Chemist: 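I am attaching a structure below and will ask some questions about it afterwards.
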Amino acid sequence: MKRNHKVYLRITIFLMLLYIGLLFVLYLSEHADSAATIRSFGDACWYSLVTLTTVGYGDLTPVTPLGHAVGAVFLLLSAGIMMTLFGAVISFVTSEGLPFFLLGLQRKKNWYYFADYGIEAGTLAENICKEDSDAIIIFGEKKNDQMEFPDYPCLFISASPARIVAHKKNSGTRCKIFFMKENDIGVNIRAANLHTLPVEVYARTTNGRDSLSGNISFFHSYDCCARQYWRSRPLCSSENTIVIIGFGNYGRCILERAILTNIISVDQHVAYHIFGDASVFLAMHSHLHETFSMNRESETMDSLIFHDDLWEQCAGLLERADRIIICTDDEPDGWNIFWRLNSYYKIHGQIHLRSSQKAPGVSFFGANEDIYTPNQIMRTALNKAAVAINDLFRRSVSYPTLSWDDLDAIHRESKISAADHILMKIRILLHDETLTEITPAIIKAANAEYVKNKKSDSMRDMYRRLDHSRWLRFYTFYNWTYGPARDDFARQHPMLCPYEELNAEQKRERDAAWELLSCLATDTFL
C-alpha cells in the first residue's frame, strides 16, 4: 500500500505539471487572437475544467490551431486525469495519509499510542478517553474488517512509535506508549530503541515487579487486579478469618497485597487460609515467619496457613470465614467453585469472585474496566506520593540518604508500598471503614486529625508502631534480616527488630509515611 501511494503521488505531480504547462500554451496561443474567447489565464483554467470534466458548456472555445490541439489533448486526458486523481484521493484516504494529516492538526493534544488493538488495550483506551478530554488514541496497526470500531474516537495507523513521536514534533505533552500484551516489549520489533525516545512507556509483564527502567514502567494485570481488590474492599477490623481459594498468579498477588497493605491495628490477628500450591511462594519468601505465624492461628499476630487438603474438606473453616476470595487463574473454574460454595455450604461471610466481566448479583472483582484504568497502569498519583515520602524521609533523618532518582528498585518499591498504605491510614484516622475512595476533602480531614492526635505521645507512638509493622512486613517479604549495620548486598538492616528496640531517631523515621498526608492535603499536590 505504501509503494502504491508513492506511485500515485508521482503520477499526480507529473500530470499536474503537464496540466499547468498546457494551460500556459493555451493562454499564449489564444489571448492575442481577435476572435478568441479565451483571453486570460483564468479563461484557460475554466475551459480546461469544463473540458476535463466532460461538462462542455461551450461558453469558451479555442479558435487557433494550437488552441485546438491543446483542447484535443484535454479531451484525451480527461478520463485518465480524473481516474488518476480519484485513485490518489482513495489512496490518501485508505492509507496512512489521512490519519497522519489528522494527527498533524492535533499535535498539542495528549497522544496515547498502543502497539496493538485488543481487549486490554481497548479497555484502557476507553477509560483514558473518559478521563482526558484532550486524548488522541492511536493504535499502531491497520484496522481489518473483523474489528469492531471502538465507541470512542481513535486512529488506526500501521506505524512505529518512533514515527509517531517524530510526527508530534515535540509539541504539547510527551507521547505515552503502551504494550498491552504480556512480555510484548521483549519480542515486539516496535519496542526497539524506546529508551532513547522522549516518551513514557508502559509495558505489561509477568514478573510481578513494579520496577522502572529509565522511561519504561512495567505492570501486570495480576497485581493490578490485587491492588484494585484491596482498595475497593479493604480489610475491616471485624474480620479475623480470610480464605483464599486458588493460588496461581491472581491468588499469589492477592496475598502479596494483603501482606504489604493490610495493617490496620497494632493488635490485629488476621488468619489467612490459602488453598492451592504454595511451594514456590514459600521457597521464595523464606523469612515470612519473622512477621507472621506460619501454619498456626495466633491470637497476637497475623497468620498465614497454607492448606494441602482440598477446600471442600474444610466446611467448618468456610462457615466461620469472614470473607472467601475465589481467585483462580482459570475463570470458569472460579465460577464452578462459586456455585458449589453457594449450593452445598452454609456460608455466613462474604464471597468475592474474580471475574473479568461484570456479573450482576455477584460480588465480583477484577473486571477489565476496573483493572485497565489510567490510575492502575500509569499510577501517576501513587508514584508521585512515593517520591514525596522519600523527600519527607530524607528531611527527617540526620544521616545522608539517596534521592528518588538514585534509589535502587527495592527501595523505590519500599516507598511505593508505603504510599499504597495511605488509604488504610486515612480509615484509621477518621474511624471510618466505609471509605474506599480518597478525595481532597477526605485527605484534608485525615491530616487535620493526624496533626491533632500526634500531640499526644501515646497516639504518636501508636502511629509509629503501626507503620513499623508495615515496614517490617515489606522487608521480610523481600527476605531481609536483622543486621547490626545496613548492608544492601547482604539484605540486612538494623531496624528489622521489635519497635521497642529502636532508638529515638529510628522511631521518628516512621513519621514520614504519616506526614505524607500534609503533602497530599496541599492544593499544589492535589
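Below, each value reflects all heavy atoms present in this structure, side chains not excepted, and no hydrogens, waters or symmetry copies. Quick caveat, the model's predicted, so the values are computed rather than measured.
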Chemist: Sequence neighbours excluded, which residues qualify as salt bridge (charged side-chain N to carboxylate O under 4.0 Å, His left out) partners of Asp322?
Modeler: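 Expected list: none.
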
Chemist: Can we call the ring centroids of His352 and Phe364 under 6.0 Å apart?
Modeler: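 Aromatic pair excluded; centres sit 6.0 Å or further apart.
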
Chemist: Given Phe178, which of Tyr117, Phe139, Phe114 fulfils the ring-ring contact (aromatic ring centres under 6.0 Å, His included) condition?
Modeler: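 The option that passes is Phe114.
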
Chemist: Kindly compute the distance separating CZ (Arg412) from OG (Ser417), expressed to the nearest 0.5 Å.
Modeler: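 Answer rounded to 0.5 Å: 15.5 Å.
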
Chemist: Please say whether the positively charged group of Arg252, taken as NZ for Lys or CZ for Arg, lies over the ring of Phe281, i.e. under 6.0 angstrom from the six-membered ring centre and within 45 degrees of the axis.
Modeler: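 The answer is no; the distance or angle limit is not met.
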
Chemist: Name all residues meeting the side chain to side chain donor-acceptor pair (under 3.5 Å) criterion together with Ser279; count only those two or more places apart in sequence or in a different chain, and write none if there are none.
Modeler: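 Expected list: Asp277.
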
Chemist: I'd like to check the side chain to side chain donor-acceptor pair (under 3.5 Å) partners of Glu505; sequence neighbours left out, ordered by chain and number.
Modeler: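 Listed in chain order: Ser398.
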
Chemist: By the definition side-chain contact (heavy atoms from CB on, under 4.5 Å), identify the one residue from Val243, Ile259, Leu304, Ile254 that meets it with Tyr272.
Modeler: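 Option passing the side-chain contact (heavy atoms from CB on, under 4.5 Å) with Tyr272: Leu304.
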
Chemist: For the aromatic rings, using the six-membered ring if either is Trp, is the centroid distance between His411 and Trp404 under 6.0 Å?
Modeler: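 Not close enough - the centres of the two rings lie 6.0 Å or further apart.
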
Chemist: How about Phe275 and Trp311: are their ring centroids closer than 6.0 Å?
Modeler: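 Ring-ring flag for Phe275/Trp311: false, centres at least 6.0 Å apart.
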
Chemist: Just by distance, do the side chain of Asn215 and the backbone of Glu200 share a donor-acceptor pair under 3.5 Å?
Modeler: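 Looks like no, no N/O pair under 3.5 Å.
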
Chemist: Would you say the ring centroid of Tyr450 lies under 6.0 angstrom from that of Tyr463?
Modeler: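 Distance test on ring centres: under 6.0 Å, yes.
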
